[in-house]
Amino acid sequence: QVQLEESGGGLVQAGGSLRLSCAASRRTFSTVGWFRQAPGKEREFVAKINWDGGNTDYGDSAKGRFTISRDNAVNTVYLHLNSLKPEDTAVYYCAIGRGPFYAISRIASNFDLWGQGTQVTVSS
């Protein structure tokens with residue numbers, strides 16, 4: 001089965017940007033989602049993208065600041081984080097969605113094959 005590996009996290013000042021990558025071990029035509037989890041909080045939906053990148057969906061915290069994209073030639077999904085705020089500090093995870101894009105709701109239990117996560121820390 002496919003394995004996912006996130007990278008690109010780090011420490012950034014408020015207002016800064018990062019690009020996170022989610023690399024798959026082999027080609028997948030599945031919907032891929034990004035979630036994040038801060039200490040003591042539940043895993044929160046950030047964004048998802050369908051198999052060819054033609055459809056995207058964003059959580060409220062991501063709208064207008066984050067952009068999800070994918071490059072199937074290199075089996076990678078990206079999450080571009082802009083205008084970062086301290087409250088964006090969390091571990092960011094990617095995962096494979098179960099089923100068609102429009103049938104996958106924004107909850108973690110609808111996703112499988114989670115990566116190990118990458119830490120994003122935003123300083124004020």
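Judged purely by atom type and a 3.5 angstrom limit, Arg43 has no side-chain atom pairing as donor or acceptor with the backbone of Gln37. Proximity of a side-chain donor or acceptor of Thr89 to a complementary backbone N or O of Thr121 within less than 3.5 Å is not detected. In terms of modelled atom types and a separation under 3.5 Å, the side chain of Asn72 and the main chain of Asn75 share no donor-acceptor contact.
In this structure Ser61 satisfies the side-chain hydrogen bond (donor to acceptor under 3.5 Å, both in side chains) test together with Arg36, Glu44, sequence neighbours excluded. Taking the salt bridge (charged side-chain N to carboxylate O under 4.0 Å, His left out) definition, one finds that Asp112 meets it with Arg98, sequence neighbours left out. Partners of Ala23 according to the side chain to side chain contact (heavy atoms under 4.5 Å, CB included) rule, which considers only residues two or more places apart in sequence or in another chain, are Thr76. With sequence neighbours excluded, no residue forms a side-chain hydrogen bond (donor to acceptor under 3.5 Å, both in side chains) with Gln3. The salt bridge (charged side-chain N to carboxylate O under 4.0 Å, His left out) check on Arg106 picks up Asp57, with sequence neighbours excluded. Shown here are the ring pair (Phe, Tyr, Trp, His ring centres under 6.0 Å) partners of Tyr78, two or more places apart in sequence or in another chain: there are none. By the ring pair (Phe, Tyr, Trp, His ring centres under 6.0 Å) test, Phe29 is found to be paired with Trp51, residues two or more places apart in sequence or in another chain being considered. Partners of Ser69 under the side-chain hydrogen bond (donor to acceptor under 3.5 Å, both in side chains) rule, at least two apart in sequence or in another chain, are His80. Among residues two or more places apart in sequence or in another chain, the side-chain hydrogen bond (donor to acceptor under 3.5 Å, both in side chains) test is passed with Ser105 by Asn110.
Of all the heavy atoms in Ser30 and Gly97, the pair that sits closest is CB-O, 4.5 Å. Across every non-hydrogen atom of Ala90 and Ala38, the tightest pair is CB-N, 3.8 Å.
Counting only residues at least two apart or on different chains, the ring pair (Phe, Tyr, Trp, His ring centres under 6.0 Å) pairs with a member in residues 94-124 are Phe35-Phe111, Phe35-Trp114. Sorted by first then second residue, the side-chain hydrogen bond (donor to acceptor under 3.5 Å, both in side chains) pairs that include residues 5-27, not counting sequence neighbours, are Ser17-Asn82.
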**Message:** For Asp52 and Arg70: C-alpha separation, side-chain torsions, deciding distance, then whether salt bridge (charged side-chain N to carboxylate O under 4.0 Å, His left out) applies.
**Reply:** CA-CA 8 Å; Asp52 68 353; Arg70 70 191 294 165; over 6 Å; no

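Clustering of Ile, Leu, Val, Met, Phe, Trp and Tyr by side-chain heavy atoms under 4.5 Å joins Val46 with Val2, Leu4, Val12, Leu18, Leu20, Val32, Trp34, Ile49, Tyr58, Phe66, Ile68, Val77, Leu79, Leu81, Leu84, Tyr92, Ile96, Leu113, Val120, Val122.
To the nearest 0.5 Å, atom CD1 of residue Ile104 and atom CD1 of residue Ile107 are 11.0 Å apart.
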